[in-house]
2 protein chains.
Amino acid sequence: MARSYEQHCGLAHALDLVGERWTLLIVRELLAGPRRYTDLADGLVSAPSNLLATRLREMQANGIVVRRTLPAPASAVTVYELSEDGRRLAAVVTELTRWGARTLTPSPEGRPFKAHWLVPALAARFQPTAAAGVSETYELQIDGQEPVGFYVEDGTGEARLGAVENPAVRLAADLDTFMELSSGAIDVREALVRGARIEGEPEALARMSTILPPPAR
Amino acid sequence: MARSYEQHCGLAHALDLVGERWTLLIVRELLAGPRRYTDLADGLVSAPSNLLATRLREMQANGIVVRRTLPAPASAVTVYELSEDGRRLAAVVTELTRWGARTLTPSPEGRPFKAHWLVPALAARFQPTAAAGVSETYELQIDGQEPVGFYVEDGTGEARLGAVENPAVRLAADLDTFMELSSGAIDVREALVRGARIEGEPEALARMSTILPPPAR
DNA sequence: CCGCATCCGATGTGATACTG
DNA sequence: CAGTATCACATCGGATGCGG
């Protein structure tokens, strides 16, 4: 199968399993929930089809991914999802995302962005201490893509794809505006001028800024 | 320079910087302190020399590693060390190590082990809650290599290379014995039979087992 | 020795095309 | 939709060389 570092070291062994190109990005995709092959290809944007197939095979062999055929009424679709061991990679993805986000330039022109990438991105921003005693939900919609909810419940927080019923804050904006608003580079007034739509009380928006701050520089 | 995923995503950007082969293992080496080129080559065991040189150049260009020439009295040696941004990767390495250690088989025949790999390995084992109110130090020496100290101070913990002055526990053993002792597969009596040397009070050893437990299965 | 650079065969990657 | 097949090319790994 794949090559190995052949070292008795937890890090080396982890990289033997998920260190090859595209593997952790596939994990990122699956952290948003089960996905079918073409959805994965779409979310990975530029991954060659043969590599995706190869990686999915390896990840199944390594017990990270499970392939399942949904017994749908109409047509049977096959989806991939993380195994329990694969889900444990969430902490790894969070730390890498946190580290990378610090030096991620605001928006280098034309780089694609997908809404479900917010799932690990928001997890990386989450500040548990700021969330103590707070229980509410925020909804973010970027570039008109599928909305993402962030559910705060007294010190814990979780991001999930999909619209939220009665969010404390509902924010819709393009990527640049969202990034600059959350970093404090622009204020709410300026964001609205740029076409953002913001619902909810100012206090809730302030809490959200504290609970999901941008990466510290 | 190197290739990029070209995605507006913290994880993808992090992998653009540290996702290539050997890069995170070089970070592991440097987490134990500044090291010279040949020490790195030795600690990486099987990394090709040209790849090491290439990676070190890339990591300098990316601001992860700093190359410094020590103005030594006798001969000027050049060492590599982590920049501040590079040191922030400690959390990433810890999470990957923790994840990988869970499925790292006890000792697949003949795989090399280096004492300084314990620095991230112990950080991955560390349980802050168990360390609350405890302030003491443990010294581990595996396979007769350089000893490693783990310094606990009321809820915080840190591993550093080198012998410890007055440790609460001093443990010397071969790798297998250490792994099986810490996992509970064998007891102290059996470890001693296998040639381990253990100093310190039983209570301190018990605390160490709680503060630095093996990865949960 | 230390700190790399060069060479070369094996392997992995990426773009495109194609099939059940 | 869910992958295979093909192929040019980049990277990797192992060995070796080489000046300071």
Side-chain angles (χ1 to χ4, degrees), chain A residues 1-7 12 15-26 29-30 34-62 65-81 111-112, chain B residues 1-7 12 15-26 29-30 34-62 65-81 111-112:
Chain A
M1 195 194 315
R3 57 193 163 185
S4 161
Y5 289 109
E6 295 283 349
Q7 299 182 359
L15 293 173
D16 281 343
L17 297 175
V18 299
E20 282 192 276
R21 208 165 160 70
W22 292 108
T23 303
L24 278 176
L25 292 186
I26 295 174
E29 294 299 306
L30 296 177
R35 291 184 116 68
R36 51 170 68 183
Y37 188 88
T38 43
D39 294 336
L40 287 172
D42 182 62
L44 294 168
V45 182
S46 60
S49 176
N50 57 352
L51 257 195
L52 176 54
T54 302
R55 289 287 176 272
L56 286 172
R57 261 194 305 270
E58 294 166 350
M59 293 168 83
Q60 286 174 75
N62 291 332
V65 157
V66 176
R67 180 194 144 115
R68 196 154 51 90
T69 304
L70 293 181
S75 64
V77 293
T78 71
V79 295
Y80 296 89
E81 60 188 340
R111 290 203 171 179
Chain B
M1 195 192 317
R3 57 194 164 184
S4 162
Y5 288 110
E6 295 283 351
Q7 298 181 0
L15 293 173
D16 281 343
L17 297 176
V18 298
E20 281 192 278
R21 207 163 163 70
W22 293 108
T23 303
L24 278 176
L25 292 187
I26 296 174
E29 295 299 306
L30 295 177
R35 288 183 119 68
R36 51 170 68 185
Y37 188 87
T38 43
D39 295 336
L40 288 172
D42 181 63
L44 294 168
V45 184
S46 61
S49 174
N50 57 351
L51 256 195
L52 176 55
T54 303
R55 290 287 176 273
L56 286 171
R57 260 194 306 272
E58 294 166 349
M59 293 169 84
Q60 287 174 72
N62 291 333
V65 157
V66 176
R67 180 193 143 116
R68 196 154 51 92
T69 304
L70 293 181
S75 65
V77 294
T78 69
V79 295
Y80 295 90
E81 59 189 340
R111 291 203 171 179

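Chain letters run A, B, ... following the sequence lines, proteins first and then strands; every chain starts at 1.
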TODO: Report the nucleotide, chosen from C:dC4, C:dG3, C:dT13, that has the shortest atom-to-atom distance to any side-chain atom of A:Arg21.
DONE: C:dT13
Open item on the list: Rounded to whole Å, please give me the gap between CG in A:Leu56 and C1' in D:dC1.
Closed with: 14 Å
TODO: Using a 4.5 Å cut-off on heavy atoms from C-beta on, say whether the side chain of A:Trp22 contacts that of A:Ser46.
DONE: yes
Open item on the list: If I take atom CZ in residue B:Arg3 and atom P in nucleotide D:dT11, what distance separates them, rounded to the nearest angstrom?
Closed with: 6 Å
Task: A:Thr78: partners by side chain to side chain contact (heavy atoms under 4.5 Å, CB included), with sequence neighbours left out - done: A:Arg67, A:Thr69
Open item on the list: Using whole Å, what does the distance between atom P of nucleotide C:dG3 and atom CG of B:Leu70 come to?
Closed with: 10 Å
Task: All side chain to side chain contact (heavy atoms under 4.5 Å, CB included) counterparts of B:Thr54, not counting sequence neighbours - done: B:Arg57, B:Glu58
TODO: In whole angstrom, give the distance that lies between atom CG of B:Leu25 and atom P of D:dC12.
DONE: 13 Å
Task: Among D:dG13, C:dG12, C:dC4, the nucleotide that comes nearest once only the side chain of A:Glu20 is considered - done: C:dG12
Open item on the list: Measure CZ/B:Arg57 against P/C:dG3 and give the value in whole Å, please.
Closed with: 15 Å
Task: Residue A:Arg67, side-chain heavy atoms: nucleotide from D:dA2, C:dG12, C:dG3 that is nearest - done: D:dA2
- [ ] State which of D:dG3, D:dG13, D:dA2 makes the closest approach to the side chain of A:Tyr80.
- [x] D:dG3
TODO: Write down the distance between CG (A:Asp16) and P (C:dG12), rounded to a whole number of angstrom.
DONE: 13 Å
TODO: Go through the structure and list residues passing salt bridge (Lys or Arg N to Asp or Glu O under 4.0 Å) with B:Asp42, not counting sequence neighbours.
DONE: B:Lys114
Open item on the list: So, using salt bridge (Lys or Arg N to Asp or Glu O under 4.0 Å) as the criterion, who are the partners of B:Arg68 when residues are at least two apart?
Closed with: B:Glu81
TODO: Not counting sequence neighbours, which residues clear side chain to side chain contact (heavy atoms under 4.5 Å, CB included) with B:Ala41? List them please.
DONE: B:Leu52
Open item on the list: Side chains of B:Gln60 and B:Tyr80, heavy atoms from C-beta outward: is any pair under 4.5 Å?
Closed with: yes
TODO: Give, ordered by number, those residues of residues 39-51 of chain B having at least one heavy-atom distance below 4.0 Å to an atom of DNA chain D; if nothing qualifies, reply none.
DONE: B:Ser46, B:Pro48, B:Asn50, B:Leu51
Open item on the list: Using the side chain to side chain donor-acceptor pair (under 3.5 Å) criterion, which residues pair with B:Tyr37? Sequence neighbours excluded.
Closed with: B:Ser49
Open item on the list: Using whole Å, what does the distance between atom P of nucleotide C:dG3 and atom CZ of B:Arg35 come to?
Closed with: 13 Å
Open item on the list: So B:Thr78, base contact, sugar-phosphate only, or nothing? Heavy-atom distance under 4.0 Å.
Closed with: sugar-phosphate
Open item on the list: Using 0.5 Å steps for rounding, measure from the CZ atom of B:Arg21 to the CG atom of A:Leu15.
Closed with: 9.0 Å
Open item on the list: Quick check on DNA chain D: between A:Thr38 and B:Arg55, whose nearest nucleotide comes earlier from the 5' end?
Closed with: A:Thr38
Open item on the list: Whole angstroms only, please: what is the CG-P distance between A:Leu52 and D:dA5?
Closed with: 16 Å
Open item on the list: With a 4.0 Å limit, can you tell me whether A:Trp22 has a side-chain N or O closer than that to the phosphate oxygens OP1/OP2 of C:dT13?
Closed with: no
Open item on the list: Can you work out whether A:Tyr5 or A:Tyr37 has the more 5'-proximal nearest nucleotide on DNA chain D?
Closed with: A:Tyr37
Task: Difference in axis direction between the ends of the helix from C:dC1-D:dG20 to C:dG20-D:dC1, five pairs, 10° - done: 30°
TODO: Report the residues that fulfil side chain to side chain contact (heavy atoms under 4.5 Å, CB included) with A:Asn50, sequence neighbours left out, ordered by chain and then residue number.
DONE: A:Pro48
